[in-house]
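Take a look at the structure below.
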Amino acid sequence: MSIPPQLESLHTNTINALYSRSLVSTQDWSTADLDALTSVAAAFQALDRVGVKTPLCPNELAYAVFFDNSTRTKSAWAGAASRLGMQPVIVDGSSTQVAHGETAAETGAMLGMNAHAMGIRHDLILGEGNAFIRDLKGGIDHYLQATNDSRQVPIVNLQCDVDHPTQTLADLLWLREYFPEGIQGKKIAVSWAYSPSYAKPLSVPQGLIMLLSRYGADLRLAHPPGYQLIDDCMDAAKKNSAESGGSFTVVDSMDAAFEDADIVYPKSWGPYDLMLERVQANRAGDQQAMGEIEGRCLSLNAQFTDWICDEEKMAKTRGGDALYMHCLPADIGDEVSPAIMEKHRVNVAREANWKVYVIMSMLACAKVPNLTQRLRGFCP
Ligand code: CP
């Protein structure tokens, strides 16, 4: 078998520079770093598609803790770990001693002493998850240094309150697959959409505007009043956009965002002030207050039921045929009409499938010295 072109074209030095790095937010990394990471993800996909096994980290433990539900990211974590020869273990965060007040740093030290990679989802409370992940990583690193343990134990953000990097990088790889010419100059609408199900984290739209703004797109963010995103993420999107020669604008209707769009990404998130109000109630363990705030979030959402990606909205996009994207799960009938979802069912599955290769890349780049040579060695 010949070496797939995705593997031939890897740049060894830029990939070696990712050794020992953890990805908490894409905004922490340079565009060159992210491009190196996604090039390795593309190589992993190409090798997987032709059946080449890549057990780069045999007999190692890939431990993930989820403080929220997940279908795709859990299975992508398990799929990535097993393809690398690691043993995946996935734990419900509410079953750990964090629920009894054990700190993130202490938890990191205790889990990191046994694990060879850590994944964390902590996305429900604004202002907490990202800090928790960084403190947990600090706990792992402190333990490893204090005990002269030379293992690399990278941490992967599997969604926090600020960013969802495995998702947005999967989205970027899917966009590059669908538009091989790239997304420079493409009109991309990231829009709020109505949901009656629950007040969803802000991290997907925040992650999207921070990442896609790096590549010269004409990016439009749309949301109703009160559904603004974190200032730091907005500032990052503006800066990235200016540097990449793209544009970043905020509009107040899905219609305005969809006008002539090449790509639409309509999804729901919670109202900003109420998401902040949850912080105190959560810290106090006040489930009644949490439930009451959730009810107010959904009442507010219900004022905007016309924010649905349907045939009428899609007709406004370029040629009436924009690429529909969603991180999933989507509220079908509320965020998106059944017909639009049906038309793009395979597209959103292909979008989701990139996540396993993104996680493989994050783990392998951080853990495996001379990764390019090692990967080429798997090709017979
Ligand atoms: N998109 C996404 O992260 O899906 P899960 O919540 O199912 O992991």
Side-chain angles (χ1 to χ4, degrees), residues 23-26 38 41 62-82 88-94 117-126 128-130 132-133 155-175 177-178 190-193 195-212 229 233 263-270 275 309 323-332 334-336 341 344-363:
L23 186 64
V24 180
S25 169
T26 60
T38 51
Y63 198 89
V65 182
F66 280 74
F67 291 93
D68 190 11
N69 298 350
S70 166
T71 295
R72 279 146 290 276
T73 312
K74 277 181 181 170
S75 81
W77 177 264
S82 59
V89 170
I90 297 173
V91 173
D92 175 357
S94 67
M118 287 280 315
I120 302 284
R121 171 169 289 191
H122 193 316
D123 62 343
L124 287 175
I125 306 299
L126 206 52
E128 290 196 355
N130 194 274
F132 182 93
I133 292 174
I155 197 156
V156 177
N157 176 356
L158 298 174
Q159 189 171 10
C160 70
D161 54 319
V162 176
D163 201 353
H164 191 355
T166 64
Q167 179 65 49
T168 58
L169 289 163
D171 295 338
L172 178 65
L173 280 154
W174 165 235
L175 281 170
E177 182 182 348
Y178 193 87
V190 175
S191 176
W192 188 85
S195 165
S197 59
Y198 73 106
K200 302 180 187 200
L202 280 54
S203 43
V204 170
Q206 288 172 170
L208 286 170
I209 62 168
M210 288 193 288
L211 181 63
L212 300 183
L229 302 176
C233 300
I263 299 143
V264 298
Y265 203 130
K267 86 163 298 294
S268 197
W269 63 87
M275 298 300 267
C309 176
L323 174 67
Y324 167 82
M325 295 178 70
H326 199 290
C327 55
L328 303 178
D331 289 344
I332 299 171
D334 295 302
E335 290 182 286
V336 59
M341 179 51 91
H344 290 272
R345 184 169 299 283
V346 175
N347 284 338
V348 291
R350 291 175 68 182
E351 177 186 352
N353 183 237
W354 274 106
K355 194 178 288 185
V356 69
Y357 304 113
V358 169
I359 296 173
M360 286 180 81
S361 178
M362 287 179 181
L363 297 180

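Counting convention: from 1, in listed order, for ligands and their atoms alike. Given the structure is predicted, the values throughout are model-derived calculations rather than measurements.
The part of R121 lying near ligand 1 is the side chain, judged by heavy-atom distances below 4.0 Å. The part of L328 lying near ligand 1 is the backbone, judged by heavy-atom distances below 4.0 Å. Contacts between E351 and ligand 1, counted as non-hydrogen atom pairs separated by less than 4.0 Å, are absent for every part of the residue.
Using a 3.5 Å distance cut-off with no hydrogens or angles, the side chains of Q167 and D171 do pair a donor with an acceptor.
Using the six-membered ring where Trp is involved, F132 and H122 have ring planes that are tilted, between 30° and 60° apart. Aromatic ring pairs are classed by plane angle as parallel below 30°, tilted from 30° to 60° and perpendicular above 60°; the pair Y324 and H344 is tilted.
Looking only at protein heavy atoms, the nearest one to atom 7 (O) of ligand 1 is T71 N, 2.7 Å. R72 NE, 3.0 Å is the protein heavy atom nearest to atom 4 (O) of ligand 1.
Residue H164 approaches ligand 1 through these ligand atoms, each under 4.0 Å from one of its heavy atoms: 2 (C), 3 (O). Near K355, meaning under 4.0 Å from any of its heavy atoms, are these atoms of ligand 1: 1 (N), 2 (C), 3 (O). Of all atoms in ligand 1, listed by their number and element, those nearer than 4.0 Å to a heavy atom of Q167 are 1 (N), 2 (C), 3 (O).
Among the atoms of Q159, none of the N or O lies under 3.5 angstrom from an N or O of ligand 1. Considering backbone and side-chain atoms together, T73 places an N or O closer than 3.5 Å to an N or O of ligand 1.
At least one donor-acceptor pair under 3.5 Å links the side chain of R121 to the backbone N or O of N69. A donor-acceptor pair under 3.5 Å links the side-chain atoms of Y265 to the main chain of C327, judged by distance alone.
Counting heavy atoms from C-beta outward, H164 and D123 have side chains that stay 4.5 Å or more apart.
The two residues E128 and D161 make their nearest non-hydrogen contact at N-OD2, 3.4 Å.
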